Structure formats: C-alpha cells, structure tokens
Number of protein chains: 2
Amino acid sequence: MVDVSADPRARRPGGRSARVRAVVHRAAADLVAERGADQVTVPAVAERAGVNPSTIYRRWGTLPALLADIAAQRADTAPEPTGDLHDDLANHAAWTLADLSRPGGVAFFRAEVAPDVDERRAGLRECLQRVSTRFETILDAARERGETPPSLERVLDRIVAPIYFRVVFSLPETDETYARGLAAALLDADS
Amino acid sequence: MVDVSADPRARRPGGRSARVRAVVHRAAADLVAERGADQVTVPAVAERAGVNPSTIYRRWGTLPALLADIAAQRADTAPEPTGDLHDDLANHAAWTLADLSRPGGVAFFRAEVAPDVDERRAGLRECLQRVSTRFETILDAARERGETPPSLERVLDRIVAPIYFRVVFSLPETDETYARGLAAALLDADS
DNA sequence: AGCTTAAAGCAAAGTTGTGTGCTTTAACGG
DNA sequence: CCGTTAAAGCACACAACTTTGCTTTAAGCT
C-alpha cells in the first residue's frame, strides 16, 4: 500500500523528499502540457525529473495518482470573495476558465476522470468537489447577506458546464469576457 | 500506413472482412462498457472477438482509432424531426443524454477526444461536428419556417454542455426529464 | 472452376511499462 | 556529532503490448 498523503509535511519532509516531490511534479506537469496526459509515462517523468522510476512507483504508485496529486495542489489559488454576488461569480468563472485553459489544464481534468474503475468515482467526486466548493462558498456568503442566490446546480449548469465544454472542444471566443458573461446571464435570468 | 477508412464497403467488403469488423466492434464495445476504456487493450479485444491481435493492429492501427471508428457509426440513430422547435430540441437533448449514458458512452466520448496529439483536433472536431450537426439541422428547419431559434452556440451552452458535464461527473437526477427541461428553459428565456 | 490477391492467422522477436530485493544516501533526533 | 531509519538509487526480472515476416484462407473476377 502506497501512502499518497497529499499532506505536504509527511514523515520526513526535509530537503530531499521535498526536492524530489518538486522536480517530479514539475516534470510531470510539463510533460502533460507538452504531450497530453495519454502520452505520458512514469519512466518518461522519471527521466526528465532526473529521478529513478522506482521512486515514483513507490511514492505515488500509479501515474493517475501522481497527476491527481498535482491537480490537488493546483486548485488553491482561487480569487478573493468581494461581497458582491455578481462579481464573485464572474471572478470565479473567469478563474475557472483560466485554470482550465493553461497548458495541461484539460489534460489534468481528463487524467482525474480517468483512473481505474475502483477509484474513478473518488477522482470524479474530488474534482467536482473542488469546483463546487468554491462556488458553494460564494452562494453561502450571499445567502448570509440575506440574498437568494441561484442553486449550486444552476451555477454548474449555466457557468461551469459551458466553460468545461468549450475548453474541451476548443471552441473559439472562449475568453474571460465570455466567462463573465455567463455569470451575468445567469443572474439576469433569475432576477 | 493503415487504412482506417470508415467506409463500410472497403476494397473487399465480402463475408469475412465484414464479419471480423462486426465481431471486433462488438467485442470492443462490450469491453469498454464493462471495464471502461482505460482498462481495454487490443489483445483483450482480440481474444473476446476470437480474432488475432495482429488483425486489429493491421486494420485499425491503435485502440483509440478502433474506438473512434465505433463511435462514428454509433451516432446515426438520431430521432426524427417533428416540425416543432421545442419538441425537436427536447427530443435531441433526451437522445444525446441517452446516447451518452448508455454503458461506455462517456468512455467513447473520452476515447475520441484522446487520440494522439496530431489527430486530437481532428477527433475533437469530428465529435463536436456530429453533435452540432444534429442540432444545426433543427435550427435550420425552424429558420425556414420563419421562426427565429436561438443560435447554435446558445444550444451548446445551455443544452449540450450541461448534459455532458453532468454525465461525466455522474451527477444525480440527470434523466430525460432534466434533459427536456433544458430545452424548455432555453426557449422560455429567449421568448 | 480456377486465378488473383486482400486480408486474417500464426509465431517469434522487439519494445516498454511495471514490480521487487537490495544497497546507498541523507534527514531527523538525541 | 553520531546512530537510526525513511526514502531514493540501482539492477534485474517480469509481464504486457506492439510489431513484423511469412503462411494460409477466402472474397472477387474472368
């Protein structure tokens, strides 16, 4: 059994472990961005990272686990809440788009969705969880201010889903203006 | 170079080729449905199909190519247009959901999006193309009747994207009622 | 019916990802 | 500063997927 603890300070977080973790993360992220998640292998990551393949196998076990680990710590750079529902939704829509658009963004999304059948649901739930939580926080805040924001499902359908769809399919004109427009359209319709 | 011509009647479409094609398609589809596209290999498909692996390699080249070939001919069972915009949109929304929901549906979607970098865009475009074309037809028909239907982009954002998103993430209550509701909601908002 | 030739079968070799025992390194704690 | 011990390196074995040359089958044609 491999300990994939995302906990940054493991049992011996000192210099070497942290350094290896960093170079491996970087190498994997780069390769995914360059070739796509399907064309990346553990040996390839190991070589670029200047690390032995067995190290990766022992620490992460599988490639999807490694990618999930990377994706997990990517997601903690969300924008600050402003106190205004519209601005918050628009900001997070734009951030979601930006996060997904950067090199390898979609690849990571797909990598997380891909893992072995047993863990698939876990990966999916976690991925969705991260997306949902950010928006949920915004909606909760609005509710506490006495407003009646749209439901989370509605936000997923009208903001998140279109962004994912358009990024996956590389539809043109999928930019920040578009993302913010989704937020505005949703609030307009509900008013 | 392998000829992956989707053309059903190739150079020698007679008994054997067609039979092999059929059993391989069926075996691959079954395996994808059972294990998910990631757990399927060419040798496994070959064994279940009672065919030699080299046959598959020679005819299709790669597994993604095989799956794409299967997906390509899956898509030609769309519902009949009724002449009513709302009904057509709702029908196609429901059909899209059903197509995506059946065992292996998402797996095929992912397989098509996955192929090697060079062909990725082609796979994506084709996949999107198929989805778009069906809805485009509906919209065109409505326009010819003198109506002013929503744009294709709007349909993708408001109907197709949410369906894909919810199926990929296995969100609950993603059923025919929901799909049809999307169509109704879109037309309501535009009226 | 017999010839031609795609296309499938077969078998063996090549390549690559994966797993494991053992050694070596270097954090951490006293 | 030194002992302890995770964790990384290393080498090798193993398994799996791919590829390829050759043979055999059977569809298509005269």
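Being a predicted model, the structure only gives us computed values, none of them experimental. Each chain gets a letter, A, B and so on, in the order its sequence line appears, and its residues count up from 1.
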| d(CZ, B:R19; C1', C:dG9) in whole Å | 14 Å

Validation: residues 41-53 of chain B side-chain donor-acceptor distances under 3.5 Å, sequence neighbours left out:
unit_1 : atom_1 : unit_2 : atom_2 : d
B:T41  : OG1    : B:A44  : N      : 3.3
B:R48  : NH1    : B:E34  : OE2    : 2.9
B:R48  : NH2    : B:E34  : OE1    : 3.2
B:N52  : OD1    : B:S54  : N      : 3.1
B:N52  : OD1    : B:S54  : OG     : 2.9

| request: Give the rounded distance in Å between these two atoms: CD1 of A:I56 and P of C:dG19. | output: 13 Å

| Residues two or more places apart in sequence or in another chain: which of them pass side-chain contact (heavy atoms from CB on, under 4.5 Å) with B:E153? | A:R166, B:S151

| task | Mind calculating the distance between CG (A:L66) and P (C:dT18) to the nearest angstrom? | result | 12 Å

| query | How would you list, by chain and number, every residue that makes a salt bridge (charged side-chain N to carboxylate O under 4.0 Å, His left out) with B:D84, sequence neighbours excluded? | reply | none

| task | Mind checking side-chain contact (heavy atoms from CB on, under 4.5 Å) for A:R26 and listing every partner two or more places apart, or none if nothing turns up? | result | A:D30

| How would you list, by chain and number, every residue that makes a side-chain contact (heavy atoms from CB on, under 4.5 Å) with A:P81, sequence neighbours excluded? | A:D88

| Taking atom C1' of D:dT20 as reference, at what distance in whole Å does atom CZ of B:R59 sit? | 19 Å

| said: Using C1' atoms of five pairs at each end, report the bend of the helix from C:dA1-D:dT30 to C:dG30-D:dC1 rounded to 10 degrees. | reply: 40°

| message | Base contacts versus sugar-phosphate-only contacts with protein, heavy atoms under 4.0 Å: please encode nucleotides 9-18 of chain D as B, S and - from 5' to 3'. | response | BB------SB

| task | Take the protein atom CZ of A:R21 and the nucleotide atom C1' of D:dA6, then report the distance between them rounded to whole Å. | result | 16 Å

| message | I need the A:Q129 CD to A:R134 CZ distance, nearest 0.5 Å. | response | 11.0 Å

| note | The ring-ring contact (aromatic ring centres under 6.0 Å, His included) partners of B:Y178 (sequence neighbours excluded) come to none

| task | Measure from CD on B:E47 to P on C:dC10 and round the result to the nearest Å. | result | 13 Å

| Residues that B:E176 engages under side chain to side chain donor-acceptor pair (under 3.5 Å), provided they are two or more places apart | B:R180

